[in-house]
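Sequence positions, counted from 1, serve as the residue numbers for this chain. No hydrogens, no waters, no symmetry mates; every other heavy atom, side chains included, goes into these values. Given the structure is predicted, the values throughout are model-derived calculations rather than measurements.
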Amino acid sequence: MTAPRLAFLASHTEAAQQALAELSQRYGQHAPDRADILVPLGGDGFMLQTLHRHGLLGKPVFGMKLGTVGFLMNHHRDDDLPARIAAAEPTKLRPLEMRAQTESGIEVTSLAYNEVSLLRQTRQAAQLRVDLNGQTRIEEMTGDGVLVATPAGSTAYNYSAHGPILPLGSHTIALTPIAPYRPRRWRGAILKADTEVRIQVLDPYKRPVSATADSHEFRNVTEVTIHESRTHTVTLLFDPEHNLEERILSEQFLV
């Protein structure tokens with residue numbers, strides 16, 4: 001069986017750069033568009049960068065942790081990498097699509113594999129209206145902001161904002177307020193994945209808001225529409241003993 005062509009990609013940390021040199025020498029190095037498998041070396045932040053830069057190539061991704069946080073990564077080992085990849089279990093992720101309007105009238109778009117978050121830009125709380133599939137569900141929410149998370153991203157910022165952990169394959173997304181002041185008792189919602197979430201900034205001049213899709217920030221937005229992508233997917237590969245579905249499930253039982 002022919003060994004897969006690998007494209008090693010590394011963050012700027014010393015450990016990741018050293019691993020890049022060693023793995024490239026041992027297994028060869030190919031450009032992402034000519035490789036069979038992408039192998040990012042770093043943490044979750046670098047994994048997300050890799051997905052944003054190269055996700056549309058449709059290549060499976062086998063990440064190895066050489067960073068601070070590695071929830072989306074496998075353990076770093078340089079031995080018998082082709083065999084590990086051959087035995088890896090695939091997990092298909094479907095990102096969110098975000099479309100935002102800015103005060104200047106510009107429309108911007110981005111994908112988000114973890115979450116889309118709307119956050120106040122100044123000391124004053126944001127005031128937001130939330131529509132689901134064209135129906136207003138919250139006339140006015142006052143607080144630091146709100147976010148929409150995928151199952152893969154539900155253990156990240158969403159969880160720290162007291163949002164629910166969503167199982168992979170549940171075909172759901174999480175809508176979670178960030179430090180809400182009004183309405184006091186609203187703690188968010190679990191929605192069907194095909195729900196279109198529309199968030200309008202009620203006072204964008206006095207209370208400006210930014211929208212961030214993973215690490216891509218757009219400032220001074222006036223309206224943001226979010227829904228699960230119908231066309232884009234990415235396949236992550238995990239060692240069987242380190243599969244993402246089990247780790248997300250285990251997160252719900254940590255004490």
Side-chain angles (χ1 to χ4, degrees), residues 1-11 13 15-16 18-20 22-30 32 35-95 113-115 149-156 158-159 164-174 193 214 228-229 232-255:
M1 183 176 178
T2 304
R5 295 171 296 179
L6 306 177
F8 295 102
L9 309 159
S11 68
T13 67
Q18 181 177 345
L20 171 64
E22 294 172 353
L23 291 166
S24 298
Q25 182 176 15
R26 183 168 182 176
Y27 298 108
Q29 174 69 304
H30 297 270
D36 300 310
I37 308 288
L38 305 182
V39 185
L41 309 169
D44 280 351
F46 186 71
M47 169 63 87
L48 292 174
Q49 289 180 34
T50 300
L51 298 182
H52 281 279
R53 290 173 182 168
H54 304 294
L56 296 183
L57 293 174
K59 312 284 185 172
V61 182
F62 184 91
M64 289 197 286
K65 182 187 174 187
L66 283 154
T68 304
V69 180
F71 197 79
L72 299 175
M73 316 295 274
N74 296 283
H75 294 303
H76 170 239
R77 299 198 311 270
D78 61 3
D79 58 305
D80 210 4
L81 185 55
R84 287 178 68 191
I85 291 174
E89 297 180 353
T91 296
K92 185 168 288 187
L93 304 184
R94 192 175 293 274
Y113 294 90
N114 267 6
E115 77 279 315
T150 66
S154 65
T155 61
N158 171 72
Y159 187 56
I165 294 177
L166 305 176
L168 280 182
S170 62
H171 304 292
T172 57
I173 55 177
D214 290 339
E228 186 183 69
S229 176
H232 300 301
T233 60
V234 65
T235 300
L236 302 188
L237 303 175
F238 293 95
D239 292 320
E241 70 277 9
H242 199 64
N243 75 79
L244 185 61
E245 184 173 359
E246 173 60 29
R247 278 184 288 147
I248 288 178
L249 180 62
S250 297
E251 284 287 313
Q252 299 180 74
F253 295 92
L254 293 179
V255 293

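- Between the side chain of N114 and the main chain of D214, no donor-acceptor pair closer than 3.5 Å is present.
- Across every non-hydrogen atom of T50 and P40, the tightest pair is OG1-CB, 3.5 Å.
- Ring geometry for F8 against Y27 counts as tilted: the plane angle lies between 30° and 60°, on a 0 to 90° scale.
- Using a 4.5 Å heavy-atom threshold, the side chains of I165 and Y159 count as touching.
- When every heavy atom of F238 is checked against every heavy atom of L244, the shortest pair comes out as CE1-CB, 3.7 Å.
- Between the side chain of R94 and the main chain of E228, no donor-acceptor pair closer than 3.5 Å is present.
- Heavy atoms only, all atoms of each residue included: R26 and D78 are closest at NH1-O, 3.0 Å.
- Side-chain contact between I85 and D36 is absent, with no heavy-atom pair separated by less than 4.5 Å.
- The number of heavy-atom neighbours closer than 6.0 Å to CD of E22, taken from other residues, nucleotides and ligands shown, is above 12.
- Contact check for V61 versus M47: side-chain heavy atoms found under the 4.5 Å cut-off.
- Between L93 and P95, the closest side-chain pair of non-hydrogen atoms is not below 4.5 Å.
- With a 4.5 Å cut-off on side-chain heavy atoms, E115 and N158 do not count as touching.
- Using a 4.5 Å heavy-atom threshold, the side chains of E89 and E246 count as separate.
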